[in-house]
Participant: 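What follows is a single structure, and I will ask about it in a moment.
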Amino acid sequence: EGILLTFRLTPRTTTTTTDHAEATTRHVLGRVDRLLTSLEADDLCRYLLVVALDDDEPDEARHALEQLVVGSHRAEGLYVLTNSARTTSDPFPICQIWDDMAKVAWGDGGASWVVLLGDDVEIDCPFHYQAFYEAFAAIQRRPGIQRNNDELFFGSPWWNDTTFPGFPTFPAIGREHREIYGGLIPAMHRERFVNQDLDPYLQRLYLGVGAAPPVALAKLRNARGGEGGGAARYDRVPARGNWRDWVHEAEPPMRSYYLRLCRGGFSSEIQTLPRLVDVVVPTFRLDLAVLETIVQLEVPANWRTTFLVIVDNPKKLKRDHFGDASRLEETLRRGTTNNLRVRAQEENRGASAARNRGIEESAAQWLLFLDDDIHPKRDLLHRYEDALAARLKRKGDDTVGFAGPVVFPRDELPVSQAAVLASYLTYMFEYTVDQNRDTVPWAVTANLMVRRPSIRFDVAYAKTGGGEDVDFCLRLTAQHGGKIRPVPAATVEHPFWSANPLDLASHFFCWARGDSALLARFPEWTYRSWPNVPESLAVLVPLTVLLRGDSDLRAVVSLVAVEIAAFVVSDFVVDHIALGECHHRQAVVATPGGRVSGCQKNDEEEEAALLLLRQRLEGRYTPRELFLGIPLLANAYVLILECGRLTGHVSRGHWDSVGLRFDWHCGHIPLAPSRFRRRELLKFASSLLLLAAFTLPYPDSVDEWRQA
């Protein structure tokens, strides 16, 4: 075992007295002596010590250290390195020093594994050496690993740091690491690490091949540093960039080496490698019951998963009984053994920023985004694993994401919520329920899994959401040239936002105001169409007031009311009567997507099944509610949404977006734009005809009719 230490034996000042310097040296050596004594509590322990001291440490202090180690019972050797000269303002480059010490321990000392400890570490395990030896041996005994006469020390088992639970603060790195990378830090990343982030980076490298087990019984406490251990002795300097992205750059040599150790070749062993999948949950609501349900999901045996809860409501976090992120994390840990991490934003920055924080906190190959208001089944992750296993075994598969249905409840819905379903505004939430689809253009982030992206969510969209999921998915598939696959079995339930029609209308207004930015950002998925109701009235009403301003006020108000009624009535008639959509909208109210599982489109079996569903609805709602109340309210929601979208265009100054429509199917249904144009043409023409019928003067006689 190579124990790597670096510390100051004397104060680094020119004003200290000789007595103070000697006292400091005795104090530091006393801590080192206690550390070595705790290491030697394991009767089988054999270790060598590699110490890195600064270039200005006096010879007397170095000699005292050597005498201490000579008196140790089980120390197999001492190597003292001298750190490069630096000024007091330079950051302490412990990562490079760690790299230098590890090379000496593996090379000159012949260490089987190395671990960087501190002289302030307190070990609480009388058999740590045996525990780590067994951890490395368990990796070597893994099925498929070739065995020979040499012991294999491959992997990164890590200490159980009680000051930072669940975090690999002190990984032990096996000697095979030197053969893979030539040193502790892969050369491509050596200059990017200063004194932070190297330990989780190394652990993540081995997690990808299932060789980073936590050694739960090997407990230690970090007296300084760590999450709860107080201030570090030096200024913390994080890695120069996001180390989580670098893990994937450094993985190929690791995987190649591991597969060379395995019998059976690449194709068979690659399937046994663990899958790194993290779950990102941005939360503003801080609904403890929902969060507990999510973090307690069953994790597939071959997954290495961390649940990342990103709090985007720091005021509520402090105000409620949680207090801070660590207390919320402690509360959520009580009901699960899953890996869990809670992080809190400094201020409310919105859902997109919270998801980006989750991406930054993860080093996984895949990320599953779940919202904090959904109700998943316990086997949700298994359904995604089924999809991953089926797709990724195909050579050259171009999948960059998976999307599960986000279904809304159907039982005992009030009219206000049934109208939401009938409006088609939530249709894309349930779009992936159809088992006949092979790809989808985008999916809502309430239930979306993606391959680790290099892009981030655009924080320019509304904090509460609206368009950012479409934007993210379209950029993701365009950048990688890949596809998003539906996973109908990976279903979560999404409760309605409210039962109050005004609250729902406000939600859709804000939603559309946000997604209106999509039209300017993705012109390739837009097309011109006839004016809708808000666009028509936005021109017609001011024009009427301007031209008839000298008339009686009541007459002007009446005329405006007639104009509004003409367009609204035509909108309703075309949607629910002229185009014969009433039955399909009822089917959507009855079942997700308006489809019956196992039935082919338009066949007799589906028609019969949908008839039964409609009959069931007739038992829940009165005919007036089913054929008038729900359709009218559904159209009202759509009109409010269109008002929000128009407001978004105007507020951004995107006047050229007025009259444009977004193809929400993004080319997956080629005829969708032309069908929508015909619908809006029919609405616009019928509105004008109806308006003319209400407003033009009627001839009083047959002669006047003929003259007209």
Participant: After noting the C-alpha distance and the side-chain angles of Glu292 and Arg334, does the key distance pass the salt bridge (charged side-chain N to carboxylate O under 4.0 Å, His left out) rule?
Facilitator: CA-CA 9 Å; Glu292 286 177 335; Arg334 292 172 186 165; over 6 Å; no
Participant: Check for a donor-acceptor pair, side chain of Gln417 on one end and backbone N or O of Ser498 on the other, with a separation under 3.5 Å.
Facilitator: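 At least one qualifying donor-acceptor pair exists.
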Participant: Give a yes or no on whether the backbone of Ala499 and the side-chain of Ser416 come within a donor-acceptor separation of less than 3.5 Å.
Facilitator: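 A pair under 3.5 Å: yes.
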Participant: Looking at Arg620 and Glu625, is any side-chain nitrogen of the basic one under 4.0 Å from a carboxylate oxygen of the acidic one?
Facilitator: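 Answer for the salt bridge query: no.
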Participant: Please name the pair of heavy atoms, one in Ala672 and one in His665, separated by the smallest distance, quoted to 0.1 Å.
Facilitator: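 Closest approach of Ala672 to His665: CB-CD2, 3.9 Å.
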Participant: Got a donor-acceptor contact below 3.5 angstrom from the Ser423 side chain to the Val420 backbone?
Facilitator: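 Confirmed, Ser423 side chain pairs with Val420 backbone.
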Participant: Go through the side-chain N and O atoms of Glu680 and Ser529 and say whether any donor and acceptor fall under 3.5 Å apart.
Facilitator: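 A pair is found: one side chain offers a donor N or O, the other an acceptor, under 3.5 Å apart.
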Participant: Does Glu535 pair with Arg661 as a salt bridge, N-O distance under 4.0 Å?
Facilitator: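 Yes.
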Participant: So that I can tick it off, tell me whether Arg355 and Asp371 are bridged by a salt bridge, with the cut-off set at under 4.0 angstrom between side-chain N and carboxylate O.
Facilitator: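 Arg355 and Asp371: salt-bridged.
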Participant: Which atoms form the tightest heavy-atom contact between Arg410 and Val589, and what is the distance?
Facilitator: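 Looking at all heavy atoms of both residues, the closest pair is CG-O, 3.1 Å.
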Participant: With distance as the sole test, does Thr526 use its side chain to make a donor-acceptor pair with the main-chain N or O of Pro523 at under 3.5 Å?
Facilitator: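 Flag set: sc Thr526 to bb Pro523 pair under 3.5 Å.
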Participant: Under 3.5 Å, is there a donor-acceptor pair between the side chain of Asp397 and the main chain of Leu392?
Facilitator: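 No: the side chain of Asp397 does not pair with the backbone of Leu392.
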Participant: For the pair Ser687 (side chain) and Lys683 (backbone), establish whether a donor and an acceptor sit closer than 3.5 Å, ignoring hydrogens and angles.
Facilitator: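 Side chain of Ser687 to backbone of Lys683: a pair is present.
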Participant: Please confirm whether the backbone N or O of Leu367 pairs with a side-chain atom of Asp278, one donor and one acceptor, at under 3.5 Å?
Facilitator: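 Checking the backbone N and O of Leu367 against the side chain of Asp278, no donor-acceptor pair under 3.5 Å is found.
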Participant: Minimum heavy-atom separation for Ala422 to Ile630, with atom names?
Facilitator: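 Reported closest heavy-atom pair: CB-CG2, 3.8 Å.
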Participant: Determine whether the aromatic ring centres of residues Trp442 and Tyr431 are separated by less than 6.0 angstrom.
Facilitator: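 No, ring centres 6.0 Å or more apart.
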Participant: For Thr399, does its backbone N or O pair with a side-chain atom of His480 as donor and acceptor, under 3.5 Å?
Facilitator: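 It does not hold such a pair.
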Participant: Are the side chain of Asp372 and the backbone N or O of Phe284 linked by a donor-acceptor pair below 3.5 Å?
Facilitator: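 Yes, the answer is positive, given that a donor and an acceptor are paired below the 3.5 Å cut-off.
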Participant: Are His375 and Thr293 close enough that a side-chain donor and a side-chain acceptor fall under 3.5 Å?
Facilitator: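 The answer is no; no qualifying pair exists.
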Participant: If a pair satisfies side chain to side chain donor-acceptor pair (under 3.5 Å) and one of its residues is in residues 637-647, list it, with sequence neighbours excluded.
Facilitator: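 Passing the test, one end in residues 637-647: Asp515-Arg645.
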Participant: Distance check, rounded to the nearest 0.5 Å: Leu370 atom CG versus Thr445 atom OG1?
Facilitator: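 Reported to 0.5 Å precision, the distance equals 10.0 Å.
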Participant: How close do Glu468 and Asp458 get, heavy atom to heavy atom, and via which atoms?
Facilitator: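 The answer is CB-O, 4.4 Å.
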Participant: Please check this pair: side chain of Lys316 against backbone of Leu286, looking for a donor-acceptor N/O pair closer than 3.5 Å.
Facilitator: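 Judged by distance alone, no pair lies under 3.5 Å.
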Participant: Check this for me: Glu412, atom CD, are more than 12 non-hydrogen atoms of other residues, nucleotides or ligands nearer than 6.0 Å?
Facilitator: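 No, the 6.0 Å shell around CD holds no more than 12 heavy atoms from other groups.
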Participant: In plain terms, say whether Arg528 and Asp656 are close enough for a salt bridge, that is, a side-chain N and a carboxylate O under 4.0 Å apart.
Facilitator: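 Salt bridge: no.
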Participant: With distance as the sole criterion, is a donor-acceptor pair present between the side chains of Tyr461 and Asp469 under 3.5 Å?
Facilitator: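 No.
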